[in-house]
Amino acid sequence: MQFFYLVLQCHKNTHLQLKGFPKTKEELLQYLDEFEQYINLEWTPGEFYGLTPNEVLHGEYPDKDRFKQSIKRAQIERVYQNQHIGLELCKVCGQGGL
């Protein structure tokens with residue numbers, strides 16, 4: 001149980017946060033079920049490049065360039081949006097312009 005608790009603490013930014021150490025066997029089994037679901041179907045380790053362990057297990061190949069095009073598009077879009085912000089939206093100086 002202590003090992004499970006430590007592993008779950010490593011994933012504490014997920015919806016699976018423990019509300020303390022499991023006190024009963026039933027509580028531990030519930031946490032284990034939720035954790036198994038999370039680890040296999042939701043968690044995306046960095047070395048899988050956006051894929052879950054279950055997707056890799058079923059034959060998908062991790063591709064480090066998978067998000068390259070969408071990242072480039074997002075960068076171009078951010079630059080465009082930043083260049084076309086109306087001066088009336090300037091919140092830095094509060095006067096609608098610099």
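We count residues from 1, following the sequence as given.
Val56 and Tyr49 end up in different hydrophobic clusters when Ile, Leu, Val, Met, Phe, Trp and Tyr side chains are linked at under 4.5 Å.
Rounding to the nearest 0.5 Å places CG of Leu51 at 12.0 Å from CG of Leu57. The CZ atom of Phe48 lies 10.5 Å from the CG atom of Asn54; values are rounded to the nearest 0.5 Å. Between Arg73 atom CZ and Lys68 atom NZ the span is 13.5 Å, to the nearest 0.5 Å. Residue Leu29 holds its CG atom at 7.0 Å from CD of Glu26, rounded to the nearest 0.5 Å. Taking OG1 of Thr52 as the start and CG of Leu41 as the end, the distance is 6.5 Å to the nearest 0.5 Å. A distance of 11.5 Å separates CD of Glu55 from CG of Asn40, quoted to the nearest 0.5 Å.
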Discussion item. Checking Glu77 against Gln81 for the side-chain contact (heavy atoms from CB on, under 4.5 Å) test, could you report, in this order, the C-alpha distance in whole Å, the side-chain angles of both residues, the deciding distance, and whether it holds?
Written reply: CA-CA 6 Å; Glu77 182 65 26; Gln81 288 175 351; 3.1 Å; yes
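At least one donor-acceptor pair under 3.5 Å links the side chain of Glu27 to the backbone N or O of Lys23.
Glu36 is not listed as a side-chain neighbour of Leu32, based on a closest heavy-atom distance of 4.5 Å or more.
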